[in-house]
Amino acid sequence: MVPIVTIDGPSGSGKGTISKALAIDLNWNYLDSGLIYRCYAFLHSIGVSDITQEINYIGHEYDLEHETISYRNKNITDVIRGTAITKLSSELSQLSAVREKLKLIQKTYLKEPGLVAEGRDMSSKLFPDSLVKIFLTANLEERVRRRANQLRNAGQKVNISELKNEIVLRDDRDMKRTQSPLKQTEDSIFIDSSEKTVREITNLIKKLI
């Protein structure tokens, strides 16, 4: 059986950074489930008809400091991580038909020697038999600060008040949706990343493994 670590949590909790760091440390495969939804939203926005087939032409290269998302060899990183696609992907994720389509794609990431999967329903729906389950969060102010920095680094203007409202609304939508809501499962370990370093958290998870 392929070992799996699932890391769930709200936007800005640090689950992407932690998951990438952990996957690199362990030399395991890495699934950014939110990116799958963003890519679906991007293809939907440009009018692609067969999205589940066309999503195969999206590439993702990353290290701890940078990432590049491409579509048919064109860099779309800033678009994918931008506000419009963030909003659209959150809306599309409410649809059961979309979730079922993308679940099949996400399952293909489960390969030897192991998988680190991050999202909002990895522990509860996608990989309920995962080896270690983490629910990662941070206080709202810290999550807003992290998201603002991400947008600024992508060259986008940031209105902190609007950004805070967007995150609160997304949290509410993610937790109350009928399809795979964001929640901590009973067998997940709660970690608050507000005042912890990436290394502290990854070391903790590796001890759990």
Side-chain angles (χ1 to χ4, degrees), residues 1-38 59-69 77 80-81 86 105-154 163-164 167 170-171 174-175 180-209:
M1 180 175 164
V2 179
I4 313 166
V5 172
T6 50
I7 302 179
D8 292 307
S11 176
S13 61
K15 61 185 182 295
T17 301
I18 298 301
S19 298
K20 279 188 283 190
L22 187 63
I24 290 169
D25 276 4
L26 298 172
N27 197 30
W28 284 10
N29 300 295
Y30 164 56
L31 167 61
D32 178 350
S33 66
L35 179 58
I36 304 293
Y37 280 91
R38 287 172 182 273
H60 186 207
E61 297 180 5
Y62 63 88
D63 57 28
L64 287 183
E65 300 297 330
H66 307 94
E67 72 170 351
T68 301
I69 305 163
T77 309
I80 286 287
R81 295 299 185 188
T86 297
I105 294 173
Q106 293 174 83
K107 290 280 191 179
T108 66
Y109 283 76
L110 182 54
K111 301 174 184 177
E112 294 283 0
L115 173 66
V116 179
E118 57 108 334
R120 286 169 173 75
D121 63 349
M122 298 295 99
S123 301
S124 59
K125 295 293 182 182
L126 263 291
F127 304 107
D129 56 346
S130 56
L131 177 69
V132 172
K133 298 178 181 179
I134 304 295
F135 189 86
L136 189 70
T137 190
N139 63 57
L140 181 59
E141 287 69 25
E142 178 63 16
R143 291 165 54 211
V144 170
R145 186 189 68 80
R146 291 171 181 173
R147 179 63 177 150
N149 286 340
Q150 184 184 43
L151 292 171
R152 290 188 184 110
N153 289 339
L163 180 59
K164 185 174 183 177
I167 289 177
R170 186 173 185 185
D171 286 351
D174 287 343
M175 289 187 287
S180 302
L182 168 66
K183 64 179 181 178
Q184 181 183 357
T185 61
E186 291 183 0
D187 53 349
S188 292
I189 295 167
F190 181 91
I191 299 176
D192 188 327
S193 70
S194 302
E195 297 182 2
K196 288 184 173 64
T197 66
V198 172
R199 182 49 54 195
E200 285 174 334
I201 297 173
T202 54
N203 284 342
L204 172 59
I205 297 174
K206 284 194 287 186
K207 286 181 181 178
L208 294 170
I209 295 170

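Hydrogens, waters and symmetry mates play no part in the numbers below; they use all other heavy atoms, side chains included.
Ion pairing between a basic and an acidic side chain is recognised when a charged N comes within 4.0 Å of a carboxylate O; D171 and R120 show no such pairing.
Residues that satisfy the side chain to side chain donor-acceptor pair (under 3.5 Å) test with Q184, not counting sequence neighbours, are absent from this structure. For the side chain to side chain donor-acceptor pair (under 3.5 Å) test, no residue two or more places apart in sequence or in another chain qualifies with S33. In this view, S124 satisfies the side chain to side chain donor-acceptor pair (under 3.5 Å) rule with no residue, not counting sequence neighbours.
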Verdict with supporting geometry, R152 and N149, side-chain contact (heavy atoms from CB on, under 4.5 Å) | CA-CA 5 Å; R152 290 188 184 110; N149 286 340; 3.6 Å; yes
Start with the C-alpha gap between R146 and T17, add the side-chain angles, then the distance that decides, and say whether side-chain contact (heavy atoms from CB on, under 4.5 Å) holds.
-> CA-CA 11 Å; R146 291 171 181 173; T17 301; over 6 Å; no
Residue pair T185, F135: steps toward the side-chain contact (heavy atoms from CB on, under 4.5 Å) verdict = CA-CA 8 Å; T185 61; F135 189 86; over 6 Å; no
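Within the model, atoms CE of M1 and CG of D129 stand 4.0 Å from one another, a figure rounded to the nearest 0.5 Å. Here the CG-OG1 distance, from L131 to T6, works out to 9.0 Å after rounding to the nearest 0.5 Å. Rounding to the nearest 0.5 Å places CG of L136 at 12.0 Å from CD1 of I189. Here the straight-line distance linking atom CG of L26 with atom CG of L115 works out to 11.0 Å at 0.5 Å rounding. Interatomic distance, L110 CG to L31 CG, rounded to the nearest 0.5 Å: 9.5 Å. Distance check: I24 CD1 to S19 OG gives 11.0 Å after rounding to the nearest 0.5 Å.
A donor-acceptor pair is defined here as one N or O able to donate and one able to accept, closer than 3.5 Å; such a pair exists between the side chain of D8 and the backbone of D121. Side-chain atoms of K15 come within 3.5 Å of backbone atoms of P10 as a donor-acceptor pair (strictly under, hydrogens ignored). Put simply, the side chain of T77 gets close to the backbone of I69: a donor and an acceptor are under 3.5 Å apart. One N or O on the side chain of T197 and one on the backbone of E200 form a donor-acceptor pair closer than 3.5 Å. Judged by distance alone, with hydrogens and angles left aside, the side-chain atoms of T68 form no donor-acceptor pair with the main-chain N or O of E61 at under 3.5 Å. With S123 contributing its side chain and P128 its backbone, the two residues share no donor-acceptor pair below 3.5 Å.
Looking at heavy atoms from C-beta onward, N29 lies out of side-chain contact with Y109 at the 4.5 angstrom threshold. Proximity of L22 to W28: side-chain heavy atoms (C-beta onward) are nowhere separated by under 4.5 Å. In this structure, the side chains of V5 and I205 come closer than 4.5 Å at one or more pairs of heavy atoms.
Shown here for I18 and T202, the closest heavy-atom pair between the two residues is O-CG2, 3.9 Å. In plain terms, the two heavy atoms of N27 and P113 that are nearest each other are O-CG, 3.4 Å. When all heavy atoms of M122 and G119 are compared, the closest pair comes out as CG-N, 3.5 Å. Minimum heavy-atom separation, V144 to L163: O-CD2, 3.7 Å. Nearest approach of A138 to G12, heavy atoms of both residues: CB-O, 4.5 Å. Nearest approach of Y30 to G16, heavy atoms of both residues: OH-O, 3.9 Å.
Annotation: Y62, atom OH; neighbour count of heavy atoms from other residues, nucleotides and ligands within 6.0 Å is above 12.
Considering L35, L151, N153 as possible partners of R81, the one that fulfils the side-chain contact (heavy atoms from CB on, under 4.5 Å) test is L35. Residue R145 is tested with R147, E141, E142, R143 for a side-chain contact (heavy atoms from CB on, under 4.5 Å); the sole match is E142.
Figure legend: cation-pi geometry between K107 and F127, with NZ or CZ positioned under 6.0 Å from the six-membered ring centre and within 45° of its axis.
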